[in-house]
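Remarks on the structure that follows.
A quick note: this is a predicted structure, and the numbers were derived from the prediction, not measured. Here, residue 1 is the first one in the sequence, and each next residue gets the next number. Just follow the structure's listing: the first ligand is 1, and inside any ligand the first atom is 1.
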Amino acid sequence: MNEISPLEAALTAIDESCPDYADERARLVATKCRGLMKGYNARWLSADYVPLSIEDTLVSPLFNPATQRQSRRFKMAGKRDLTATESGRRVLFDHKTTSDSIEDPDGTFWRQLAIEGQVDHYLLLSLLHGQKFAFAVWDVIKKPTISPKKLTKKDRAAIASLGEYCGSQVSEAAKKWVINNDRETHGLYEVRLANDCINERPNFYFQRRTVSRMDYEVLEYAEELWMHQQNIGETRKNERWVRNPGACMMYGSPCRYLGICSNADTPDSDHWTRRENSHEELPSLDGDGKDVLTNSCIRCFQTCRRKFYYRYELGLKKVDEEEREPLFFGHVIHAALEAWWKAKLPLENRHGDNSESPVNAVGNY
Ligand code: SF4
């Protein structure tokens with residue numbers, strides 16, 4: 001028996017990611033994650049997936065599928081969110097958060113995912129480690145669109161007299177708060193959000209979709225990956241790190257390297273430091289990681305070669321970069337999901353939880 005429930009583990013992980021002294025923006029993110037995890041727990045606790053491994057990093061040599069030749073320079077790597085079993089079948093999980101609508105199975109979010117290479121990357125990497133999966137699961141959480149709001153007179157009266165809000169009991173502090181205040185505290189907002197996630201709109205917030213990949217599709221990805229490593233190798237050799245102006249404002253905010261690209265800054269200024277490992281999400285990787293291809297770095301190369309150069313070749317990182325809110329949200333919810341699944345890990349599978357162990361590797365590189 002595990003000593004702590006998955007929900008308790010998730011909420012603890014959120015609180016540890018965002019201590020009391022954190023600023024208002026960070027505390028609101030943590031509150032949203034707490035509400036979401038209560039909904040996630042209600043939605044999926046009884047689902048029939050038994051975790052096998054959580055957040056494990058795999059590294060493999062990279063092969064040309066046509067000739068079986070091994071790349072002399074590049075390896076491939078990735079961190080799998082979760083592997084699990086369902087009715088005796090081995091399943092690969094990938095957690096995602098999004099601001100897009102996820103209720104419509106034919107919506108743009110799911111259409112875009114259908115051509116996303118991430119699942120193929122992990123399936124190929126797993127195959128090279130001798131692991132084949134029956135299917136993959138996209139485990140998606142929609143970010144809340146509701147925010148703390150003004151309380152109605154009726155709400156304030158119910159909270160003050162009954163200690164009740166959105167069907168839940170609230171704290172004594174909240175009861176006192178509403179006597180002289182008409183806005184939700186973070187605690188009251190969390191109660192309303194959790195109620196929305198659990199009772200009102202669970203399908204709005206949580207969707208899982210299974211993804212089957214035929215062997216030929218994984219092979220097709222292996223062929224593309226080989227082409228990517230060739231392109232990256234040639235671009236590096238010829239120093240052709242061309243800019244893509246169409247990507248400078250992607251995702252609604254300026255690229256972090258815009259100052260350098262527009263000659264307002266230089267990579268050597270004291271605004272920048274260098275990463276020791278280009279792939280910070282894989283801390284157990286040996287060396288500087290420059291010859292390791294992950295799904296993220298391939299996407300970066302496809303988006304803008306100059307960005308790839310700054311990010312992965314030079315390893316440039318802003319000295320005082322504030323973690324952007326979407327990234328911070330992703331960081332906190334990911335920590336919560338990891339803790340939730342770890343608390344569900346059966347004792348006999350704990351050997352498979354190698355998140356703290358050195359990188360797994362195959363081959364003779
Ligand atoms: S690195 Fe690419 S995306 Fe970023 S500012 Fe320069 S040209 Fe634009």
Side-chain angles (χ1 to χ4, degrees), residues 25 29 62 71 73-79 94 96-100 108-109 111-121 143 221 224-283 285 287-332 334:
R25 182 191 64 105
V29 167
L62 212 158
S71 172
R73 172 162 294 163
F74 292 105
K75 303 167 210 166
M76 65 181 297
K79 188 189 271 189
D94 192 45
K96 293 201 174 299
T97 56
T98 180
S99 300
D100 295 336
T108 52
F109 174 79
R111 286 184 192 274
Q112 195 275 330
L113 266 192
I115 56 163
E116 165 66 59
Q118 192 170 10
V119 160
D120 303 279
H121 191 87
K143 292 184 194 173
Y221 177 77
E224 288 180 359
L225 186 60
W226 185 258
M227 290 182 230
H228 289 314
Q229 70 88 29
Q230 283 180 319
N231 286 338
I232 292 170
E234 281 165 20
T235 305
R236 180 187 280 177
K237 187 171 153 211
N238 299 314
E239 297 187 3
R240 291 201 174 139
W241 304 109
V242 292
R243 292 178 291 179
N244 176 12
C248 303
M249 292 297 293
M250 260 175 110
Y251 312 118
S253 60
C255 168
R256 59 170 58 82
Y257 304 114
L258 188 56
I260 301 178
C261 279
S262 60
N263 295 321
D265 197 358
T266 67
D268 297 321
S269 80
D270 55 11
H271 298 137
W272 300 94
T273 182
R274 310 245 170 163
R275 295 174 170 89
E276 285 180 15
N277 169 9
S278 298
H279 306 279
E280 284 179 326
E281 75 279 18
L282 309 177
L285 215 54
D288 61 17
K290 284 183 187 164
D291 293 332
V292 173
L293 299 185
T294 63
N295 185 61
S296 303
C297 83
I298 292 163
R299 284 198 68 164
C300 180
F301 184 78
Q302 290 173 304
T303 302
C304 174
R305 294 183 181 201
R306 183 70 64 92
K307 186 172 183 176
F308 179 93
Y309 172 69
Y310 292 143
R311 171 68 183 79
Y312 291 100
E313 296 284 306
L314 298 187
L316 284 186
K317 181 181 179 180
K318 260 205 169 142
V319 170
D320 54 358
E321 187 166 57
E322 236 188 47
E323 197 166 19
R324 294 179 191 182
E325 187 167 322
L327 285 179
F328 183 63
F329 180 91
H331 165 77
V332 177
H334 217 88

Has S269 got a side-chain atom pairing as donor or acceptor with D265's backbone, closer than 3.5 angstrom?
no

Any side-chain donor-acceptor pair under 3.5 Å between T235 and R240?
no

Between R73 (side chain only) and D291 (backbone N and O only), is there a donor and an acceptor less than 3.5 Å apart?
no

Can E281 and K79 be counted as an ion pair, charged N to O under 4.0 angstrom?
no

Could you give me a count of protein N/O/S atoms that are under 2.8 Å from atom 4 (Fe) of ligand 1?
1

Under the 3.5 angstrom rule, does the side chain of H279 hit a backbone N or O of G289 as a donor-acceptor pair?
yes

Give a yes or no on whether the backbone of L316 and the side-chain of R275 come within a donor-acceptor separation of less than 3.5 Å.
yes

